[in-house]
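Since the structure is predicted, the reported quantities are computational estimates derived from the model, not experimental observations.
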Amino acid sequence: MSSINYSEKIPNNVNLSEDRALQRALEHWQPNYLQWWQDMGPDGSQNFDVYLRTAVSTTPDGWAQFGHVKMPDYRWGIFLNAPEQDRQVNFGEHKGEAAWQDVPGEHRANLRRIIVTQGDTEPASVEQQRHLGLTCPSQYDLRNLFQVNVEEGRHLWAMVYLLHKYFGRDGREEAEALLQRNSGSQDNPRILQAFNEETPDWLAFYMFTYFTDRDGKFQLCALAESGFDPLSRTCRFMLTEEAHHMFVGESGVSRTIQRTCEIMKQLGTEDPEVLRTHGVIDLPTIQRYLNFHFSVTIDLFGADQSSNAATFYASGLKGRYEETKRTDDHQLKGQHYKILEVQGDKLVEKEVPMLNSLNEVLRDDYIKDSIAGIGRWNKVIEKAGFAFRLQAPHKAFNRHIGTFAGIRVAPDGRVISEAEWQANVRNWLATEEDRAYVASLMGRVVEPGKMANWIAPPAIGINRQPVDFDYVRFN
Ligand SMILES: [Fe+2]
Ligand SMILES: [Fe+2]
C-alpha cells in the first residue's frame with residue numbers, strides 16, 4: 001500500500017489499474033491538467049531541470065527522493081496514507097461507527113463542497129505565484145518556489161482523485177471546473193478571496209507560505225479527522241508535503257529580518273528611510289505585510305458562527321484540529337465557546353453554542369500556531385540587539401468575513417472610527433509605496449550560492465546539499 005507504482009501513466013498507490021473506468025477518466029483529465037500547468041504554472045520554467053523531491057512511498061521514513069527533474073515531467077500522482085485498521089468515525093452523531101469507505105448518500109453534497117473548496121485553493125496558489133521565478137533572490141529560493149508549486153499541483157490531483165472516484169459525473173465536472181477557474185479572474189475567479197489576491201513579490205510569497213499555507217495545514221488537519229476515510233488518508237499525506245511550504249515561509253521571513261538587522265547594526269540605525277537607501281526591508285514594512293497576510297488569511301476560516309460548520313461536524317465530515325487528541329465527548333452538544341462581538345465601541349465576549357463556533361475554534365487554534373513562529377522571528381531581532389518586536393494584529397483587525405466585517409478595529413483591538421482608520425491605515429497595512437519599494441528590490445539572482453542583497457543566505461541547503469549547489473539547471 002505504501003509503495004508507489006511509477007510504471008503507470010499516473011503514479012499511484014491506490015491500485016488504479018484495477019479500476020479501468022476510473023483510470024480512463026483520470027487519464028482523460030491528465031492532459032488538461034498538463035495544459036493548465038503550461039498556461040498557468042511557473043512562468044518560463046518549462047525547460048529547467050529542478051532539484052525536486054518526489055514521493056516514492058507514503059511511509060514516514062524516507063518517502064522523498066531528490067533529483068533534477070524537468071517540471072512538466074514531474075510525476076504528479078495519487079498518494080494516500082495507508083489505511084488505519086478498524087478506523088472509526090471519531091466525532092459527531094456517527095461517532096463509533098466504522099469509518100466510511102464510500103460517500104454516505106445523505107452527506108454527498110456537503111462532502112463534495114468541502115472537497116471542491118479545498119481543491120480550488122491548490123491550483124490557485126500556483127497561479128498566484130506564477131511570475132515569482134522571474135525575480136527570485138537565489139537559486140535555492142527558486143527551487144523552493146518550484147517545489148511548493150509542483151506539490152500544490154499534486155494536492156489538486158489528490159482532490160481530483162476523490163471527485164472522480166466517489167462523485168461520478170458531478171465529480172468529473174467539478175474536476176474540469178477546477179482547471180477553469182483562475183486566481184484573480186473577473187469572470188471565473190477562485191472560490192475564496194485570499195486566493196484571488198496577487199502574490200506580487202517574495203516577501204509576499206514568504207508571508208503567504210507562512211500564513212496561508214498554514215491555513216492549509218489547519219484545514220487539512222480538520223479533514224484528516226473526517227469519517228470519510230479516503231479523504232482522511234489523502235489529507236494525512238498532503239500534510240507531510242505542507243510542512244515544507246510553511247518552512248519556506250518561516251525561514252524566508254526570518255532570513256529577510258536577519259539581513260535587515262545586519263544592516264541596522266552596520267549603520268547603527270533603525271530609520272526606515274536610511275535602511276531603504278541600503279536596499280533592505282525595514283521592520284515596520286515587514287510588520288505591515290504581516291498584518292495584511294494574517295488578517296486576509298484568518299478570514300479563510302469563515303464566519304464566527306456557522307450552521308454549516310455545525311453540520312459538517314455533527315455529520316462526521318470535518319473534525320477539529322487534533323480531534324482525536326482531545327478528551328471531551330466529541331459531540332459538543334450543550335457545550336459553549338466564547339466568541340467576540342461588537343457592542344458600541346467595545347469588543348465583548350459572548351458565549352455561544354460550541355457546534356456553531358467551530359470555525360472560530362479552528363481559527364483560534366490557527367492563531368496560536370501562527371504566533372509561535374512570530375516569536376521565533378522576534379528572536380532574530382532580539383539576538384541582533386534591537387527592541388523592535390513583530391506582533392500578530394488583533395483577530396478583529398481588517399476582517400471582511402464574520403462579525404467584524406465592516407467594522408474598523410486597530411491592530412491593538414480597539415474599535416475605532418472610520419476617520420481614525422483612514423488616518424492610520426498607512427501605518428498598519430502595506431501601502432502602494434511599500435509594495436513599490438519591495439518590488440524595486442526584486443531582481444533575479446541565480447548564480448549558485450549568491451543571494452539578493454535584501455535577504456540572508458539559508459543556514460543549510462536542501463537535502464543536506466551545500467547552499468551553492470546547482471538547485472536549478474537552466475539549460
Ligand atoms: Fe496545498
Ligand atoms: Fe501548501
Side-chain angles (χ1 to χ4, degrees), residues 5 8-37 40 76-81 83 89 94 99-127 151-183 185 188-192 195 216 219-220 222-239 241 308 311-312 315-319:
N5 186 347
E8 290 181 34
K9 225 168 153 184
I10 301 170
N12 70 89
N13 67 352
V14 293
N15 296 327
L16 190 57
S17 59
E18 284 170 18
D19 185 343
R20 299 307 290 269
L22 174 65
Q23 187 178 35
R24 267 200 304 276
L26 283 164
E27 284 180 3
H28 187 76
W29 185 81
Q30 191 177 34
N32 299 344
Y33 169 83
L34 290 170
Q35 187 60 51
W36 166 82
W37 182 268
M40 301 305 291
W76 285 285
I78 300 158
F79 317 131
L80 271 61
N81 264 22
V89 182
H94 301 282
W100 311 307
Q101 299 308 321
D102 220 326
V103 179
E106 75 267 36
H107 302 318
R108 189 183 160 90
N110 278 337
L111 255 180
R112 192 182 69 201
R113 179 167 164 198
I114 288 171
I115 292 167
V116 167
T117 307
Q118 179 61 42
D120 195 64
T121 66
E122 313 291 356
S125 63
V126 176
E127 293 165 357
E151 286 176 353
E152 299 304 3
R154 206 206 66 72
H155 291 177
L156 174 59
W157 272 94
M159 293 298 124
V160 162
Y161 164 72
L162 295 177
L163 289 169
H164 270 241
K165 182 164 170 79
Y166 298 99
F167 294 88
R169 174 204 256 254
D170 300 353
R172 291 193 293 278
E173 284 172 7
E174 293 285 10
E176 285 303 320
L178 282 166
L179 297 176
Q180 283 154 8
R181 284 186 291 274
N182 285 141
S183 177
S185 157
N188 202 2
R190 291 295 173 185
I191 295 169
L192 301 168
F195 291 88
Q219 299 299 339
L220 293 175
L223 296 178
E225 304 288 348
S226 182
F228 178 47
D229 203 43
L231 176 61
S232 166
R233 288 167 51 206
T234 267
C235 290
R236 282 176 206 278
F237 187 65
M238 291 165 78
L239 278 164
E241 294 170 313
N308 275 335
T311 304
F312 294 169
S315 37
L317 307 181
K318 183 178 178 183

Return yes if some donor-acceptor pair links the side-chain N/O of [X] with the main-chain N/O of [Y] below 3.5 Å, else return no.
X    : Y    : result
W76  : W157 : no
T234 : L231 : no
R181 : R190 : no
Q30  : K9   : yes
S226 : K318 : no

Side chain to side chain contact (heavy atoms under 4.5 Å, CB included) between D170 and R108, worked out: CA-CA 11 Å; D170 300 353; R108 189 183 160 90; 3.8 Å; yes
Closest approach of [X] and [Y], non-hydrogen atoms and distance?
X    : Y    : value
R236 : A224 : NH2-O, 2.6 Å
Q23  : L16  : CB-O, 3.9 Å
G153 : Y33  : CA-OH, 3.3 Å
L162 : F167 : O-CD1, 3.5 Å
G119 : M159 : CA-CG, 3.6 Å
S315 : H107 : CB-CE1, 3.1 Å

In Å and rounded to the nearest 0.5 Å, what is the [atom1] to [atom2] distance from [X] to [Y]?
X    : Y    : atom1 : atom2 : value
E176 : L179 : CD    : CG    : 6.0 Å
S17  : N12  : OG    : CG    : 7.0 Å
I115 : L223 : CD1   : CG    : 8.5 Å
F228 : L111 : CZ    : CG    : 6.0 Å
L26  : H164 : CG    : NE2   : 5.0 Å
E27  : R24  : CD    : CZ    : 9.0 Å

Using side-chain heavy atoms (C-beta onward) and a distance below 4.5 Å, is [X] in contact with [Y]?
X    : Y   : value
K165 : D19 : yes
V14  : L80 : yes
V126 : M40 : no

Verdict with supporting geometry, E122 and R154, side chain to side chain contact (heavy atoms under 4.5 Å, CB included): CA-CA 8 Å; E122 313 291 356; R154 206 206 66 72; over 6 Å; no
Worked verdict on F195 versus D120 for side chain to side chain contact (heavy atoms under 4.5 Å, CB included): CA-CA 9 Å; F195 291 88; D120 195 64; 5.8 Å; no
Verdict with supporting geometry, I78 and I10, side chain to side chain contact (heavy atoms under 4.5 Å, CB included): CA-CA 7 Å; I78 300 158; I10 301 170; 3.9 Å; yes
Cationic N near anionic O, under 4.0 Å, R169 to E173: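 A salt bridge links R169 with E173.
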Y166 and Y161 aromatic ring geometry - parallel, tilted or perpendicular at 30°/60° bounds: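 Taking Y166 first and then Y161, their aromatic rings stand perpendicular (interplane angle over 60°).
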Residues T117 and R113: side-chain donor-acceptor under 3.5 angstrom: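 No, no side-chain donor-acceptor contact under 3.5 Å.
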Check: E127/W36 side-chain N/O donor and acceptor closer than 3.5 Å: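 Yes - a donor-acceptor pair under 3.5 Å links their side chains.
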